[in-house]
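Just so we're on the same page: letters track the sequence lines, and every chain starts at 1.
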Amino acid sequence: MTTSPPKLYWKTFVALAVLLAITWSVSYVDLGSFNLIFALGIAVAKAILIMLFFMHIRGSSRLLHFVAAAGVLWLLILLSLVLGDYMTR
Amino acid sequence: MNATPNATTTIVRHSGAYALDNYLTSGQGVKSWLLTTDHKRIGILYLWTILVFFLIAAVAAALMRIELLTPAGDLVTSETYNKLFTIHGVLMVWFFLIPSIPTVLGNFVIPMMIGARDVAFPRLNLFSWYLFVAAGALALWSLIHGGVDTGWTFYTPYSTTYANSHVISMAAGIFVAGFSSIITGINFIVTIHKMRAPGLRWFRLPLFIWALYATSLILVLATPVLAITLALMSVERLWGVGIFDPKLGGDPILFQHLFWFYSHPAVYIMILPGMGVISELITCFSRKRVFGYAWVGCSSMAIAVLGFVVWGHHMFVSSQSIYAGMIFSLLSFLVAVPSGIKVFNWTATLYKGSITFQTPMLYALGFIGLFTIGGLTGLCVATLAVDVHVHDTYFVIAHFHYIMVGGMVMAFMGGLHYWWPKITGRLYPEFWGKLAAMITFIGFNLTFFPQFLLGYLGMPRRYHAYPPEFQMLNVLSSAGASILGVGYMLPLIYFLWSLKRGRVAGPNPWRATGLEWQTGSPPPVHNFEGTPIVTASPYMYDAEADRELHMANA
Amino acid sequence: MDKFRLIPPQASTSAHQIDWLFIALVAIMLFFLISVFFPITWFAIKYRRGSNANRSNPSHGSNLIEISWTTLPVVLSVALFSWGAVAYYHIERPPPNALEVQIVGKQWMWKLQHAEGKREINELHVPLGQAVALTMTSQDVIHSFFVPAFRVKQDVVPGKYTSEWFKATQLGEYHIFCSQYCGTEHSGMIGRVVVMEPVAYQRWLTTGEAGESIVVSGRRLFLDRGCSGCHALNSKFHAPLLEGLFNKPVPLSNGETVKADQQFLRDSILLPGKQIAAGYDNIMPSYTGQLSEEEIMQLIAYLKSIADNRSPPPP
Amino acid sequence: MNAIATAVVAEQFDDIEQQHSAAKLGMWIFLATEVMFFGGLFLAYTVYRFTYGHVFALASRHLDDVFGGVNTAVLLFSSLLMALAVRAAELGRRKQLVRLLLATALFGVLFMTIKAFEYRKDFVEHLVPRFDFRWDGPDAANAELFFWIYFALTGLHAIHVTVGIALILVLALLASAGKFSQNFMPVEITGLYWHFVDIVWVFLFPLLYLAGHR
């Protein structure tokens, strides 16, 4: 596994900082329920960035990709089916 | 292991049969056991530990059955009865059913089946056992100080605001036991992925490995939710957090969602390893390759995944929305299909086999019979309209005991008898083994079949006093329980007897084809001399050849 | 009552439906049991070791068979699921003109109250052939109102109203059980349903201390507890008029609109700030802890009684 | 050199490569369990935000998002330092590894101190349930519920950060003794754990602090 140059890590950090600034400032604008979707979207983007570059998922085996996705997928199963109950009460 | 030679067991000191330098003789004294990182020894440590918890829970069950002989609750007070069924539930679920096959048979046999020297993280494996012992100590501490009377489901708001028993120490015990099984799950997944012998591709793995791989997936993905649920319940009981407290706007149904999100996959954690053992036993004792290998292997994975989306069938009458109930009911029907595939494939495996009926095979056939009844009655409780009537009655008790006791414990007994020669190098007494298997089968049916009738008649569960018209069936059930008790005590006796006086087993007493049978019994510390190479698919049995062999020396 | 029986008395309309569904399930179970046990015993005997059965070229799998015993169970599953779901849908929807009975579950007893005001403990008298709708809540832990003879069961959850209904079709007395574990005397929280002729039921209603009807006691509470102080035409406080409110859409201050059903009224009494009506500010004091569950039900019954007339009640 | 390398490979593994991939797979599975562990609390948050959305938005405005934002930046930067530390360990640069590890731990401690100040501010503003919780807006019960979930989530996260800092300091100690010259896997594993803790905060910040417009 070739070790990537420090510049790549710094670029990732800058991207994360920019995303943080965006989500923070957008929260001052009232977009109604769109606020939540936007905030979650940016959070997911930041999480993927961290996983790809800082946690070296990029270029690692397909198995690790699946394990990384499995945790989130199972959480979505829990969230969706429970909300399925609360929304249809 | 100094064997005293007598008439029946003349041990030829240097016979190839009994491997003298093995994992049992490689270290002596308590320290060699308490600090071992050998997966085989850790399996045995787990065997003794779960035996302790099984006996305590069995005593609780016996007391409950005696109590239910009479309609009036006269043997024990209602407070004690509530604590009895809670400790029976907690100890059986978390300290016997969930750990037994993975940590005892799995720990012992998985590395040998895939040709590895040990599990991926041996030190973590030992740490998992210490966590399990600490968890058991916490649970017993809570029991000694008065026990818990919330039921093994800990439903709020009773467990958080109204119960005045030792809920938090029991919840802490289960919390720690959860992490012990998470670590075992991680260990098995990494071992099966990374440490298979050369040539051992995924579709050449024995079905026991498939079953334990699927079980480990559930262990790893479901148990953390139990941990957070019990933590939240305990924090709410201590400081009145209010997440589940209706007065603060919390919702007790949310606790049920979180609890059953873990607890339904947990019942698949209990049954899947049993299915893995049965696949091994049926193929070995009918001398025939399993029918539909890929389908049986993939049905284990299908059960693991589908097991996560069906938990709502525990909450059909709990004021969950009827539409969510319908979604869960349909999904619960679909999760029964892979189990059906397995039973049909086992039946088809017997076709054109050369079937023998040693003790493991009796337990395997018993498993298929009882598990099929248990699984089919699962369809009744998955049907919305019928579950409204039978939910929380003895019908449900009979359903899950048919699967847990009729299925999982039978499979555990079958697996223990099957691998006993490999673990100890000695054979159990065949006659007593068969007798115990038959007594268990009869006792079990007499205990739990009447409970189906009781359930549909409407006797609620967790009642220590009941209307007189249910008495006759309850007496039948208690009678059966006494026979079942005998059925379980017999193996305890003759297994201990066989340690000293059992016939020497030799490397492969069943002439089985698994990798674990290619090395000595009891196996050396590193399982194999060199690293075994696997060239063929598992279960290369030949029924025709077996018949000639049998005819030759008959 | 205690001759040996395999199924409980079929004393309600839904009892027959559920028993038929259960018998169909048992039939399908027997079909699958036979299709597994018969081949096993046959193979075990025919292919036991040493028997001279033909064992040439054994097959190790055939996708056709596998697919067939996958699709058949799936088809059966969908069929059974839909039958169960349709029956469940009827069980969960009380008919409109059902007799109203309010039940409060309390640790280890059932307190029941008929619309006409008659109160009972652990007993429920109902007329034959008349649908009875139960509105239930709990004062402490989760209980579950279970009448095996009617095949009905519904958890009684604190903090919300749950409902179930039945129509008795057979006279007699039947068990009431609490089927959700609720503490020490869980097995003592039982009672009996008495199904009577409609005429006898009416006579029973009026005999004994026929307390004031729920609506009357609800109105008395409405005045005594100061509700009428604000919720009245001439009140100096700006509070919504409650006449004609029940089951009508209510626009809320955060823009949503909700139906003023029992749950909304209960929450408005206990947690007034949860859903504030549009155009009003949050000045209503919370009545949590000052009204018992029965009193809240009586107030709601009163609000229901004034749901249709627009004119405010005489002071 | 080869003799030392084989000493590093544990007996049950065939080679160092198998040992590395096993350790990484084991760690990623552990992180999946952590996702499900936090998942229970995220579910409670989601369900109660769905049922009491209005009050949750109000209550989250009482949280000071400057603290939250700065803390997010601090944790992101410490994640960067950790990634650089893992790179240094791979390249076998001992002194740089020790310096970066200490810097990461420093930013972790900075995060905790900011958190401590924030908790103190919440306490002063009577926002801590059970400790003289005061809420003048509509139904205090549901607002208290929000703050219970806030303290549960951030508290559990803070415990994970503390464990992370302790691990990093131990690593720094071992690294200065030159222990990771051949086998840098412990550094990589701790790095994965630290990045996971950062990801949890990346989700906590918008959900708790920015719930509903300012």
Close approach to chain B in residues 75-89 of chain A, criterion heavy atom under 4.5 Å: A:Ile77, A:Leu78, A:Leu81, A:Val82, A:Gly84, A:Asp85, A:Tyr86, A:Thr88, A:Arg89
Which members of residues 182-197 of chain B, sorted by number, sit under 4.5 angstrom from chain A on a heavy-atom basis? B:His193, B:Lys194
Minimum heavy-atom separation for B:Phe261 to A:Trp74, with atom names? CZ-O, 4.2 Å
Would you say CZ of B:Phe127 has more than 12 non-hydrogen atoms from neighbouring residues, nucleotides or ligands within 6.0 angstrom? no
Heavy-atom distance under 4.5 Å to chain A: side chain of B:Ile253, backbone, both or neither? both
